[in-house]
Amino acid sequence: MPELPEVETIRRGLEPLLTGRRVTGVEVRERRLRRRVAPAMLCRLRGAAVVGIRRRSKYLLLDTDAGLTLLVHLGMSGRLWVSDAARPARPHEHVVFTLDDGRTLRFADPRRFGLVEVVPSGRVAAHPLLRAIGLEPLGDEMSGGRLRAATRGRRKPVKNFLMDTRAVAGVGNIYACEALHRAGIHPRRAVGRMGPAAWDRLVAAVKAVLAEAIDAGGTTLRDYFNAAEEAGEFAVALRVYDREGEACRRCRGRIRRVVLAGRSTFYCPGCQR
DNA sequence: AAATGAACCTGTTTGC
DNA sequence: TGCAAACAGGTTCATT
């Protein structure tokens, strides 16, 4: 489901709802997520107050004054939102935190590819799931020059490179396709064969599409909803993703779908070389 | 070393 | 209509 813009939208929505709130209860209904949930560890959050919420790649990090951080990943179908305690449970609502204001923070995930875990705050950066994550595309650390230097001599298709979280954080299938279309680069282009100008265009396109998607509150195709259970509006702005056979908005050619590394890949043969 | 495919899951859509 | 296959926003492991 969610890529960087969706996770960031949830983060921004949760921040005012959770900051300063104390956890009064923890309920684990399903332990079988991507990693087995340890209820005893989650229960250590009881009594802790949320002091801030960070995002790293597609992970949400909820820091508390107990020196513990709640790590949440939404996988493909996960949701994380705040609602009144009296609201009936959704299907697949696996973890529920009760708050001191009568509301609840709930995690639901039909496919169970997501995860919920408590980590000592000091060890978040060194956590096995976060340690090897690559450059954050928002902010200044990611540049065309840096990506080009990292890929010299490699033949990996550029789309697969963008989606490799060890290289670039937070870019998934939708935004990889969208950024490549904006940059006019074919998804199969070998990273080692891209010149400085192409890398600069690509980095600019990644940053732009992510920023615009965040402004629109993310892309809702089916499952994604923000912290207040509202849909995102970016689906109408997609230029290639899920538009096979439709007209390219730029050249009027037909959008094509191919499979790369097992994932549907949408591009315009006229605009992308 | 690097790239692909399979696996982990359930729900929805598509095609015969 | 009904059933089966294909497919879905992610990540990780095994296999070429």
Between [Y] and [X], is there a salt bridge with N-O shorter than 4.0 Å?
X	Y	result
A:Asp65	A:Arg22	yes
A:Glu93	A:Arg90	no
A:Glu244	A:Arg256	no

Side chains of A:Ser83 and A:Arg103 only: does a donor on one sit below 3.5 Å from an acceptor on the other?
no
Between A:Ser121 and A:Thr69, is there a side-chain donor-acceptor contact under 3.5 Å, judged purely by atom types and distance?
yes
Nearest nucleotide by nearest heavy atom, which residue falls closer to the 5' end of DNA chain C, A:Tyr59 or A:Phe266?
A:Phe266
Rounded to whole angstroms, how far apart are [atom1] on [X] and [atom2] on [N]?
X	N	atom1	atom2	answer
A:Leu33	C:dT12	CG	P	15 Å
A:Leu221	C:dC7	CG	P	17 Å
A:Glu3	C:dA8	CD	P	13 Å
A:Leu115	B:dC9	CG	C1'	14 Å
A:Phe234	C:dG9	CZ	C1'	14 Å
A:Asp109	B:dT10	CG	P	11 Å
A:Glu93	B:dG11	CD	C1'	17 Å
A:Glu30	B:dC8	CD	P	16 Å

Is [X] close enough to [N] that one of its side-chain N or O atoms is under 4.0 Å from OP1 or OP2 there?
X	N	answer
A:Arg263	C:dG10	yes
A:Asn160	B:dT4	yes
A:His73	C:dG10	no
A:Arg112	B:dT10	yes
A:Lys58	C:dG10	yes
A:Ser77	C:dG9	no
A:Arg34	C:dT12	yes
A:His92	B:dG11	yes

Which part of the nucleic acid does [X] contact within heavy-atom distance under 4.0 Å: base, sugar-phosphate only, or nothing?
X	answer
A:Thr165	nothing
A:Tyr175	nothing
A:Arg222	base

Could you let me know what C:dG9 is paired to, Watson-Crick or G-U wobble, both distances under 3.5 Å, or none if it's on its own?
none
B:dC9 pairs with which nucleotide, Watson-Crick or G-U wobble, both distances below 3.5 Å?
none
Out of curiosity, does A:Trp81 fall in the hydrophobic cluster containing A:Val116 (side-chain heavy atoms, cut-off under 4.5 Å, transitive links)?
no
In whole angstrom, give me the gap between the [atom1] atoms of [N] and [M].
N	M	atom1	value
C:dG9	B:dT14	P	15 Å
B:dG5	C:dA6	P	15 Å
B:dC9	C:dA14	P	16 Å

Considering only side-chain heavy atoms of [X], which listed nucleotide, [options], is closest?
X	options	answer
A:Pro157	C:dA8, B:dT4, C:dG9	B:dT4
A:Ser264	C:dC7, C:dT12, B:dT4	C:dC7
A:Arg154	B:dA2, C:dG9, B:dT10	B:dA2
A:Ala261	B:dT4, C:dA8, C:dG10	B:dT4

Compare every heavy atom of A:Val209 with every heavy atom of A:Ala179, then report the nearest pair and how far apart it is.
CB-CG1, 4.2 Å
I need the minimum non-hydrogen distance between A:Phe107 and A:His73, along with the two atoms involved.
CE1-O, 3.7 Å
Which ones in residues 205-218 of chain A lie close to DNA chain C, meaning a heavy atom under 4.0 Å from one of its atoms?
none
A side-chain contact here means heavy atoms from C-beta on lying under 4.5 Å apart; do A:Leu105 and A:Leu80 qualify?
yes
Between A:Pro110 and A:Arg188, just flag the one whose closest nucleotide in DNA chain B comes earlier from the 5' side.
A:Arg188
Other residues, nucleotides and ligands only: do more than 12 of their heavy atoms fall within 6.0 Å of CZ on A:Arg31?
yes
Stacking between B:dC8 and A:Phe113, yes or no? Criterion: centroid separation under 5.5 angstrom, plane angle under 30 degrees.
yes
